[in-house]
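Reviewing the structure listed below.
Fair warning: this is a prediction, and the values are worked out from it, not measured in the lab.
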Amino acid sequence: MPNAIVDLRSDTVSQPTAEMRARMATAVVGDDVYGEDPTINELEAKTAAIFGKEAGLFVPSGTMGNLLAIMVHCHKRGAEALVGDLSHIFLYEQGGASHLAGVQLATLKNEPDGTFCLTELRRRIRHDDYHEPITSLVVVENTHNICGGKVIPLAFLDELANLLRQPGVGCAPIALHMDGARVFNAAAALGVSVARICRDFDSVSICLSKGLSAPVGSVLVGSQRFISQARRLRKALGGGMRQAGILAAAGLVALEEVVPLLGKDHVRTKRIANAIHNLQSPNITVDLDTVQSNILLIEIKRSQLTGSEFAERLAQVEPEELAAGVTAKDGSGIVLKASARDWAFARVVLYHQVDDEQVELAIKKLTYVIGQYDQRWPRS
């Protein structure tokens with residue numbers, strides 16, 4: 001009997017919905033490089049309107065969206081962008097800013113809530129010494145992935161924007177870009193619009209293929225001038241697509257039907273967090289008060305155990321657990337897929353297809369495996 005698989009490695013493994021597949025099959029398309037794909041044009045215009053921006057650009061990935069923003073905002077040689085040291089742009093986009101755009105990334109220490117110190121930011125801005133690069137861009141990630149799906153507070157965003165507007169901060173205006181791969185999750189958690197969150201940002205990259213369940217694509221939004229420049233550079237990066245309205249159709253369904261349901265992912269994530277917290281394990285725990293969206297960091301408190309080892313155990317089915325009834329309704333074993341590297345935590349991420357039944361299977365598996373570790377290393 002095949003095992004029941006609960007895949008919580010990332011919301012990138014989400015599947016397109018039935019409505020997405022239907023809309024993709026019937027999408028009206030044209031050549032987007034000529035600007036003639038009506039479905040892409042609709043997606044770009046609709047996304048821009050939702051964010052209160054002038055224009056949008058459909059791109060294959062969030063990595064390309066972020067890179068295009070850096071290239072447009074840091075177009076002069078010798079430019080520098082300030083980013084968090086735990087940001088996706090710095091850690092997981094292959095250094096594209098320097099490799100492809102010729103832009104230096106300088107890092108600010110991310111606080112546990114995904115923010116960074118604004119006093120330190122002010123000190124790190126460079127513009128009047130010809131020995132140094134020119135700070136041209138500041139990037140915020142929202143929600144913050146490696147910090148555990150943290151929602152960046154509105155007060156921080158407002159204070160950041162006000163700081164960069166102060167006279168004399170830079171020799172030219174310093175742009176603000178948001179890596180908003182999961183910014184709709186931030187809006188759902190705060191109960192405000194994405195337009196409010198991104199009000200003071202010059203550009204935002206929004207991912208459609210994570211928690212929004214579309215198969216491919218992101219949208220970059222900003223001013224008409226910004227998007228015009230980004231469109232030109234998209235072609236240089238190989239992102240000039242043709243009849244890609246087939247993909248954009250899924251993005252439209254994501255905005256219409258999946259975005260309103262994101263709060264359910266947050267509730268289910270909290271259920272798993274509560275279940276782990278209630279075990280009161282001395283070895284594996286969660287910081288319940290910091291669970292804010294669809295990402296949960298499961299903390300490993302025992303030095304003899306790594307996040308990767310914990311994740312590997314969750315993906316195994318042992319005969320003893322079957323005998324103990326750690327099974328799905330049909331008696332099959334439970335394979336729980338979590339994400340981990342050389343971290344002191346494992347990460348689980350919920351998304352549209354993770355329903356209440358799968359949440360219960362995940363809790364059952366986690367309870368049993370954590371119990372095994374607690375038997376090996378009881379409370380001292």
Side-chain angles (χ1 to χ4, degrees), residues 3 5-14 84-94 107 109-114 141 143-150 181-182 185 210-211 265-266 268-318 321 326 333-351 354 358-359 361-380:
N3 293 313
I5 298 175
V6 183
D7 194 344
L8 304 184
R9 288 172 296 169
S10 174
D11 44 6
T12 60
V13 304
S14 59
D85 66 340
L86 297 179
S87 66
H88 194 277
I89 283 177
F90 179 65
L91 294 177
Y92 301 124
E93 296 185 8
Q94 285 201 16
T107 60
K109 178 178 171 56
N110 276 121
E111 301 295 339
D113 66 353
E141 184 176 326
T143 62
H144 200 290
N145 176 14
I146 292 300
C147 288
K150 296 299 188 299
R182 298 180 177 92
N185 289 94
K210 291 188 171 70
D265 298 338
H266 299 183
R268 289 170 174 143
T269 304
K270 196 80 169 184
R271 278 173 54 194
I272 296 175
N274 274 308
I276 297 172
H277 174 77
N278 291 339
L279 295 175
Q280 293 297 295
S281 167
N283 303 299
I284 298 167
T285 187
V286 297
D287 186 351
L288 196 60
D289 293 336
T290 66
V291 181
Q292 298 176 351
S293 60
N294 66 321
I295 297 177
L296 173 63
L297 301 186
I298 303 173
E299 301 176 21
I300 312 297
K301 301 177 70 175
R302 175 68 57 169
S303 61
Q304 298 96 318
L305 179 66
T306 68
S308 295
E309 290 169 340
F310 180 58
E312 288 171 6
R313 173 62 189 92
L314 291 172
Q316 298 168 355
V317 176
E318 297 179 346
E321 66 191 78
V326 185
I334 302 169
V335 171
L336 176 57
K337 295 184 179 183
S339 177
R341 291 188 173 90
D342 294 325
W343 302 330
F345 59 87
R347 186 192 73 167
V348 298
V349 188
L350 276 73
Y351 49 92
V354 181
Q358 287 197 309
V359 167
L361 292 178
I363 290 172
K364 184 182 287 190
K365 181 76 173 195
L366 285 161
T367 300
Y368 181 82
V369 171
I370 292 172
Q372 281 188 318
Y373 287 119
D374 289 348
Q375 288 179 351
R376 183 184 307 176
W377 299 305
R379 191 181 305 275
S380 58

Which distance, rounded to the nearest 0.5 Å, do you find between the CZ of Phe310 and the CD1 of Ile300?
5.0 Å
Give, for atom CG of Leu91 and atom CG of Asp85, the distance between the pair rounded to the nearest 0.5 Å.
7.5 Å
Determine the minimum heavy-atom distance between Ala346 and Gly307, stating which atoms define it.
CB-O, 4.3 Å
Between Tyr351 and Asp7, what is the shortest heavy-atom contact and its length?
OH-O, 2.6 Å
How close do Ile298 and Val286 get, heavy atom to heavy atom, and via which atoms?
CA-CG1, 4.2 Å
Before you tell me yes or no, could you show the steps for Lys365 and Val6 under side chain to side chain contact (heavy atoms under 4.5 Å, CB included), namely the whole-Å CA-CA distance, both residues' side-chain angles and the distance that decides it to 0.1 Å?
CA-CA 10 Å; Lys365 181 76 173 195; Val6 183; over 6 Å; no
Assess the residue pair Asp11 and Asp265 against the criterion (side chain to side chain contact (heavy atoms under 4.5 Å, CB included)); give the C-alpha distance rounded to whole Å, side-chain angles, the decisive distance to 0.1 Å, and a yes or no.
CA-CA 10 Å; Asp11 44 6; Asp265 298 338; over 6 Å; no
Using atom types as modelled and distance alone, determine if a side-chain donor or acceptor of Thr12 lies under 3.5 Å from a backbone N or O of Lys210.
no
What's the shortest heavy-atom distance between Leu314 and Ala338, and which atoms?
CD1-CB, 4.2 Å
Which heavy atom in Asn294 sits nearest to a heavy atom in Thr269, and how many Å separate them?
CA-OG1, 3.4 Å
NE2 on His277 to CG on Asp289, rounded to 0.5 Å
8.0 Å
Leu296 pairs by side chain to side chain contact (heavy atoms under 4.5 Å, CB included) with which of Ile272, Leu350, Val349?
Ile272
Can you tell me how far CG of Leu297 sits from OG1 of Thr285, rounded to the nearest 0.5 angstrom?
12.0 Å
Scanning both residues in full, the closest heavy-atom pair of Ile334 with Val317 reads O-CG2, 3.5 Å
Check whether any side-chain N or O of Arg347 sits under 3.5 Å from a backbone N or O of Ala340 as a donor-acceptor pair, and report yes or no.
no
To the closest 0.5 Å, what do you measure between CG (Leu361) and CG (Leu336)?
9.5 Å
Could you grab the distance from atom NZ of Lys301 to atom CH2 of Trp377, nearest 0.5 Å is fine?
14.0 Å
Go through it in stages, so that I can follow the logic: the residues are Ile370 and Asn283, the test is side chain to side chain contact (heavy atoms under 4.5 Å, CB included), and I'd like the CA-CA distance, side-chain angles, deciding distance and then a yes or no.
CA-CA 8 Å; Ile370 292 172; Asn283 303 299; over 6 Å; no
Can you check side-chain hydrogen bond (donor to acceptor under 3.5 Å, both in side chains) on Arg376 and Gln304, steps first, answer last?
CA-CA 11 Å; Arg376 183 184 307 176; Gln304 298 96 318; over 6 Å; no
Would you say Glu141 and Ile89 make side-chain contact, with heavy atoms under 4.5 Å?
no
Answer yes or no: is there a donor N or O on one side and an acceptor on the other, between the side chain of Glu93 and the main chain of Phe90, under 3.5 Å?
no
Over 12 foreign heavy atoms within 6.0 Å of CD, Gln372:
yes
Residue from Val291, Ile295, Thr290, Thr143 passing side chain to side chain contact (heavy atoms under 4.5 Å, CB included) with Lys150
Thr290
Does a salt bridge link Lys364 with Glu321, judged by any charged N lying under 4.0 Å from a carboxylate O?
no
Donor-acceptor under 3.5 Å (Arg313 side chain, Gln316 main chain)
yes
Under the side chain to side chain contact (heavy atoms under 4.5 Å, CB included) criterion, do Ile146 and Tyr92 qualify, and how do the steps go?
CA-CA 11 Å; Ile146 292 300; Tyr92 301 124; 3.8 Å; yes
